[in-house]
Student: 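Have a look at the structure that comes next, please.
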Number of protein chains: 2
Amino acid sequence: MSCANRQAMGAAEVSTMDRQLRLAGERELSEFSQTLQQPAELNGDEPGRTTSTKPSFFSVLDTREPPSLWHDLAASVRSAVSRCRSEYSSSPLRCIVSALRSLFPILRWGSSYDLKSFRSDLLAGLTLASLGIPQSIGYANLAKLDPQYGLYTSLVPPLIYALMGSSREIAIGPVAVVSLLLSSMIREVVDPSTDPVAYRKIVFTATFFAGIFQVAFGFLRLGFLVDFLSHAAIVGFMGGAAIVIGLQQLKGLLGISHFTNSTDVVSVTKAVWVALHEQWYPGNFMLGCSFLIFILITRFIGRKKKKLYWLPAIAPLLSVVMSTVLVFLTRADKHGVRTIQRVKGGLNPSSANQLRFRGPHVGESAKIGLVCAIIALAEAIAVGRSFASVKGYQLDGNREMVAMGFMNIAGSMSSCYVATGSFSRTAVNFSAGCKTSISNVVMAVTVFISLQFLTRLLYYTPYTILASIILSALPNLIDIREAYNIWEVDKMDFLACVGAFFGVLFGSVEIGLVVAIFISFTKIILNAIRPRIEVLGRIEGTNIFCSTRQYALATKLPTLLIVRIDSFFCFVNANFIRERITSWVLQENELLQEIPEKRIKSVIIDMSNVVDIDTSGIASLKEIHENLASLGIQLAIINPGWRVIQKMKLARVVEMIGGHWIFLTVGEAVEACLGKKDTGSIC
Amino acid sequence: MSCANRQAMGAAEVSTMDRQLRLAGERELSEFSQTLQQPAELNGDEPGRTTSTKPSFFSVLDTREPPSLWHDLAASVRSAVSRCRSEYSSSPLRCIVSALRSLFPILRWGSSYDLKSFRSDLLAGLTLASLGIPQSIGYANLAKLDPQYGLYTSLVPPLIYALMGSSREIAIGPVAVVSLLLSSMIREVVDPSTDPVAYRKIVFTATFFAGIFQVAFGFLRLGFLVDFLSHAAIVGFMGGAAIVIGLQQLKGLLGISHFTNSTDVVSVTKAVWVALHEQWYPGNFMLGCSFLIFILITRFIGRKKKKLYWLPAIAPLLSVVMSTVLVFLTRADKHGVRTIQRVKGGLNPSSANQLRFRGPHVGESAKIGLVCAIIALAEAIAVGRSFASVKGYQLDGNREMVAMGFMNIAGSMSSCYVATGSFSRTAVNFSAGCKTSISNVVMAVTVFISLQFLTRLLYYTPYTILASIILSALPNLIDIREAYNIWEVDKMDFLACVGAFFGVLFGSVEIGLVVAIFISFTKIILNAIRPRIEVLGRIEGTNIFCSTRQYALATKLPTLLIVRIDSFFCFVNANFIRERITSWVLQENELLQEIPEKRIKSVIIDMSNVVDIDTSGIASLKEIHENLASLGIQLAIINPGWRVIQKMKLARVVEMIGGHWIFLTVGEAVEACLGKKDTGSIC
């Protein structure tokens, strides 16, 4: 790495003041080395000493003790606590106020909320509702619940979020992927078609657990757990989920009555194949396809003319209305077009009594809750962050999690299932020019009204329309361009992406997730295993040392082997590095058997990039030193990180190698090794 | 990290030629920046250009394309192949010779082998045999096999290894841990007491698989797989295994007939407790303990007087002889002292026909073989390496694996179970002054003779003696001092060590292994998750920038935030780093609301230590840039690694930030940001 920094020195060297400079360097260096002679200094700090004007000369051996892992953890916890506390000033009243303000951001901006922004929020909210209501019904169908549960989920959670959330654009409600996840995971426990009541109980319990997990993540600042799903993995996962959801919609689109429960491509295609040979109703297909095409056309127009953004937004509602009227007039339901029929109206009933915290399925509910919580958060935070950065403000991930958590806990007690921020609806909300989360409130109110008065009108609405509405929303989830970018930039990431994709497609949603996470972590481990060790050479006329692989100009120096270790020096690569170095030395010296004066006499290991080391690394460092010593070769170490030098001291490696053979720059080490200055003076 | 390197520049800066230098620096810098103006150069390389005398000025953006993961893999394979080929010169005859020489190292040193070294090998071999024969019988008992199988295993594998192995000290034969591993894993498939024949078949099949795996590791140069067991994990594992083995010996020591099959502490202690309340024979205990004490005393003497090294070595044989005679004279076997009785004599019978490659248990056999292969290799290579480094020669790990593999394959066909290098016997062999692996041959011959003529004498040998011999060998496996060192140097490593220890103790041998490997890899992942991001400050009067946490002297510069990222910038820490940087900026600027001229105007990210980055890292780098831009703050990047800069180019981040805001050293960036030189000139 540090060619660059050395270039600075290089500049000095090539300049005419070269010699004086080097002499100065020597003076300082010898001071530095003398300080190394007192073994006491190897361990203890000397604050008095570090007040000199050249503290960096003690930097290699005479550093503060680095914070341990435990210390770091403690510090992060403390910072979390203090951060909470800092928000509460001394006086109890202001303390409560600031506490409320931090929990309910609406209290911050509510006072300055004016009619003008309400007008835009009203418009955005209505647009949102016109898209949200049909989608909610569709997603409820995807989650194997009755239509009203989708509407319930678009009512309570948005209200809670409007009070607690800090994003202004995000649109809360049921989303496709979470609905699929929920149904596909719970279906393995209870079959919704045979025992819908037990199924619902598990849905609400899982939702409750999801909320609890999200709140816990937020308060414990475990936001990073969401990061375990790497960006690449999410892209692949979403793509696969979209296709699976699309396949599920074939049931509605074709009006098939008997359909498979499993979500993987193979069994779904098989089921469709079978169904096509049984009787199915072309009516459904015709109706669905025509309205799907209609919706897609409106979206195309919306893309072309930005002013017509509302057209794709209301298209789903339009097609619901039109198809319902159509079915009503043609009595198509008599001819095999399956319709929703009765939808229970009225406000969310309480479901608190349906939560089950004992009995056989609690474990599964918790597990399902955890998975849903993470996926929901991943989607919501991705959406929120992207729109926040467009408007140029920050989202506190942990606070968002708390808000999402409370909204889902509240939801689980009012007959809602897991809600989160939806890609498509948030985009609509944004382009409809929402100013604050009041647009969510407006949507919730609209949903409330329709629940009260309009559910009866859904009697003739055909399922196939819901299918086509869901299908029309899927293209947003499949991001081929991003997948290509990932391929272009990082092949391993692409592997994770593809793994998640095919895992979801041919296995199940969970398998997809597991594969993605597994590959992502394998990547980290590979990154540690993959030994990064470079031979360095000097660039002519300068004191710059660079990888001979990277720079054609860098030429090795006679009688020296200079290597740089570029990774976490740990058990998976320690032996490799040791063998590599010793074998390089042996090969070189075999080649140079004729010319003994040119044989390698010293090995310089640049450890500037070794951020950390473990006992295996230490052990192999000792072994390298022993092997070289047995060959009569001198070992010099360059500038290890402060954790590394600490461990080298503790393991007595510093004493073993000799403090005066640990240098600040390769240049100094080279001079010492080539004996330009007699090493006696610095020993 | 690069304080050290910057110190070089610092030296320049503090020197009187400071100004001229900086001017020179500016000249070069502006040249450098001008070259960045041609966007063409951002992507394409210009080899012609890099022949200038200041190539490092192009190093940041104008590097060769780094090798991809696949390329690295291909290269390593190629090197392996070429390495094999390089050993074979052109002419076919010499080709064959060198091939044989590389497979059979004995051909290299055999010619120069003289009588003098044979004499010492003979002595060492006999000493080895006197220790090896009783141990082998004991370990066979531990592996739930009849005594002769232990002897078989000390006959064929040593011969093969003597021909193929490259270590001169290592003593081959059955060892305690592998014997335990084998019996405890196979016992879950077949119960040796009910169906010994099927049990043996699985033993031989597993041994065969172990050999195959070891050869494969060697040829495919997968030696690093063995490193997955970190040094710390092995220490813990060995300690736990030793205690478990010791507990197993209570059966023999107490002469208990009915004993538990599971190896964990709890059930063993329970079994012993129960047995003590049933009838047990104090005779066994008396006998065993007295001889155990005898052996331990001899070892103590051996430690004190190095010349009496042979005393502890022959003590086991002595105690076998004495105890056998004792039992014969007192007819103690009539009074409950359990004796070995009939041991089948004669040479190893072939067991090739007992290998099973179809049927129900093949999978298990392969799995068991893999585990045994890795444990055996870990032990053998550890032993071999440690003694090789004492004598100052190199061991080629991969070649050792091939030798071990062939020796186990041969063993599996001649009624042997998995053999490897033993700690205790190798130490004896070494201190007995062995010169070459001929000492193994001598031992094998001795074993052969005793198999032919002396097995009948074992009739009256009590089992309790075998128990005490095994017990006496265990202390070597428990290395408390090393465990303490690990604790001192690296807490996470210690956790792996303890995990393995308790996993073996309270779970099973496999659980211990899994725990150890799991913790070891968790360590790597934690190392990546654990965000290493430091705020840098300038040391007064120099141009050195160091962590303000590490150096009290380093003071922040007004209107600047300088941070250094010290880890693999990837999905697990990308968001954290992004949030940390942006929150630092926001906090600073909140504090400085009164004095706007002091607020942060530029952020400098030193990426010298970022060896690699993934798409999430790239994404968060983009986000950081956008967030800062929306706050009107300038971002500057310092010296990213060549893989990083490559990916930054591919992802268009370089164009986004602007090539002229990517610097070589923090010093230059600071100057550019503080506008000491008007940035216009370099833009």
Side-chain angles (χ1 to χ4, degrees), chain A residues 1-9 11-12 15 17 21 24-25 53 55-56 59 63-64 224 227 230-232 389 392 394 486 488-490 493 521 524-525 527-528 539 541 544 550 553 566 568 571-572 575-576 608-609 611-612 614-616 619 623 626 630 639 641-642 647 650-651 664-665, chain B residues 1-9 11-12 15 17 21 24-25 53 55-56 59 63-64 224 227 230-232 389 392 486 488-490 493 521 524-525 527-528 539 541 544 550 553 566 568 571-572 575-576 582 608-609 611-612 614-616 619 623 626 630 639 641-642 647 650-651 664-665:
Chain A
M1 95 310 154
S2 40
C3 313
N5 312 316
R6 298 209 176 91
Q7 161 272 337
M9 182 153 188
S15 76
M17 304 86 189
L21 254 183
T53 55
S56 66
S59 65
T63 56
R64 285 186 199 160
F224 69 86
D227 301 338
S230 66
H231 171 66
S389 67
Q394 278 293 310
I486 292 170
E488 216 180 21
V489 173
D490 192 324
D493 269 7
F521 281 109
I524 292 181
I525 290 167
N527 187 277
I539 306 270
I544 309 165
Q550 190 173 356
L553 278 180
D566 279 349
F568 173 34
F571 67 100
V572 283
N575 279 328
F576 185 95
S608 325
N609 280 11
V611 178
D612 205 349
D614 73 353
T615 49
S616 308
E623 263 190 80
E626 282 164 359
S630 70
N639 184 34
W642 68 329
K647 290 180 182 175
L650 288 170
L664 300 164
T665 65
Chain B
M1 90 317 151
S2 40
C3 315
N5 312 317
R6 298 210 176 89
Q7 160 272 335
M9 183 157 189
S15 76
M17 305 84 189
L21 254 182
T53 54
S56 65
S59 66
T63 56
R64 286 187 199 159
F224 69 87
D227 301 338
S230 66
H231 170 65
S389 67
I486 292 169
E488 217 180 20
V489 173
D490 192 325
D493 269 7
F521 281 110
I524 292 182
I525 290 167
N527 188 276
I539 307 273
I544 308 166
Q550 190 173 356
L553 278 180
D566 280 350
F568 173 34
F571 67 100
V572 282
N575 279 328
F576 184 95
T582 40
S608 324
N609 280 11
V611 178
D612 204 349
D614 72 354
T615 49
S616 308
E623 264 189 81
E626 282 164 0
S630 70
N639 183 36
W642 68 329
K647 291 180 182 175
L650 288 170
L664 300 163
T665 64

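Owing to the predicted nature of the structure, the values given are computational and were not obtained by experimental measurement. Per chain, numbering begins at 1; letters A, B, ... match sequence-line order.
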Student: Report which part of B:Glu623 has an atom under 4.5 Å of a heavy atom belonging to chain A: side chain, backbone, both, or neither.
Tutor: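 Side chain only.
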Student: Does any backbone or side-chain atom of B:Thr582 lie under 4.5 Å from a heavy atom of chain A? Answer side chain, backbone, both or neither.
Tutor: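 The side chain, not the backbone.
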Student: Just give me the residue among A:Ile486, A:Leu650, A:Asp614 that pairs up with chain B most often, heavy atom to heavy atom, under 4.5 Å.
Tutor: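 Of the candidates given, the most pairs with chain B belong to A:Asp614.
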Student: At a heavy-atom separation under 4.5 Å, does A:Ala619 approach chain B through its side chain, its backbone, both, or neither?
Tutor: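 No part of A:Ala619 comes within 4.5 Å of chain B.
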Student: Rounded to the nearest 0.5 Å, how far does CD1 of A:Ile524 lie from CD1 of B:Ile524?
Tutor: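 If we round to the nearest 0.5 Å, B:Ile524:CD1 and A:Ile524:CD1 are 10.0 Å apart.
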Student: Side chains of A:Asp493 and B:Thr615 only: does a donor on one sit below 3.5 Å from an acceptor on the other?
Tutor: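 Present: a donor and an acceptor within the cut-off.
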Student: Please report the shortest heavy-atom distance between A:Phe521 and B:Val572, naming the atom on each side.
Tutor: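 In terms of heavy atoms, the two residues are closest at CE2-CG1, 4.0 Å.
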